[in-house]
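We use all heavy atoms of the structure for the numbers below, so side chains are in, but hydrogens, waters and symmetry mates are not. Numbering of residues begins at 1 and proceeds along the displayed sequence.
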Amino acid sequence: MTSTTPERIRISRPEDCLGLIPGLMGFEPSESLVVLVLVDSVVQLTARVDLLDLEPRSTAALLERIWATFPRADAVFAAFTDDPVRGWE
């Protein structure tokens, strides 16, 4: 029986994550906010929400659940949009 070890991809800057996100998601996100949750530099969670569906209260609740589950986590947030203003709101 052979075992396979997951491929390790090393990133050194947050913007390096942008190239990883489509592969992690299985598609190219658009008009979306994506969060990568990392513990000890290992991706634990990749989540996406439509930018138009974001509301401060629900976004705060989502983040609280993530930090409760992964209290030692770091996160990278990336907005995928054709509208730069929406990406920074």
Side-chain angles (χ1 to χ4, degrees):
M1 177 177 186
T2 61
S3 66
T4 58
T5 303
E7 181 181 352
R8 290 183 178 232
I9 299 171
R10 204 172 294 280
I11 59 171
S12 57
R13 302 170 299 161
E15 55 267 26
D16 294 339
C17 292
L18 293 176
L20 294 176
I21 289 173
L24 292 169
M25 302 288 301
F27 62 93
E28 183 75 36
S30 65
E31 301 308 316
S32 302
L33 177 67
V34 176
V35 59
L36 298 180
V37 176
L38 302 99
V39 175
D40 297 326
S41 301
V42 177
V43 175
Q44 300 294 316
L45 174 74
T46 306
R48 184 203 68 81
V49 63
D50 289 334
L51 287 175
L52 294 176
D53 292 341
L54 283 177
E55 295 179 13
R57 199 171 297 151
S58 62
T59 302
L62 171 64
L63 294 176
E64 287 173 8
R65 287 195 310 265
I66 289 171
W67 301 146
T69 305
F70 303 100
R72 299 180 309 114
D74 294 312
V76 176
F77 293 84
F80 290 81
T81 180
D82 292 330
D83 181 352
V85 173
R86 184 179 296 149
W88 286 105
E89 291 180 337

Spell out, as yes or no, whether a donor-acceptor pair under 3.5 Å connects the side chain of Ser32 to the backbone of Val34.
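A pair under 3.5 Å: no.
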
Please check if the side chain of Glu31 supplies one atom and the backbone of Asp82 the other of a donor-acceptor pair under 3.5 Å.
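Here the side-chain-to-backbone pair exists.
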
Measuring from atom CD1 of Ile66 to atom CZ of Phe70, what distance do you get when rounded to the nearest 0.5 angstrom?
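Here the interatomic distance stands at 8.0 Å.
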
What's the spacing between Phe77 CZ and Leu63 CG if we round to 0.5 Å?
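It comes to 5.0 Å.
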
Consider only side-chain heavy atoms of I, L, V, M, F, W and Y, link residues closer than 4.5 Å, and tell whether Phe27 and Ile21 are in one cluster.
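Same cluster.
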
Only counting residues at least two apart or in another chain, list the ones meeting side chain to side chain contact (heavy atoms under 4.5 Å, CB included) with Leu38.
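Testing Leu38 for side chain to side chain contact (heavy atoms under 4.5 Å, CB included), a comparison that skips the adjacent residues, returns Leu36, Val43, Val76.
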
Run the side-chain contact (heavy atoms from CB on, under 4.5 Å) check on Leu51 and Phe80 step by step: do they pass?
CA-CA 9 Å; Leu51 287 175; Phe80 290 81; over 6 Å; no

Check salt bridge (Lys or Arg N to Asp or Glu O under 4.0 Å) between Asp74 and all other residues, then give those that pass, not counting sequence neighbours.
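Not a single residue meets the salt bridge (Lys or Arg N to Asp or Glu O under 4.0 Å) criterion with Asp74.
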
Which pairs count as salt bridge (Lys or Arg N to Asp or Glu O under 4.0 Å) when at least one residue sits in residues 37-56, sequence neighbours excluded?
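Qualifying pairs: Asp40-Arg72, Arg48-Asp50.
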
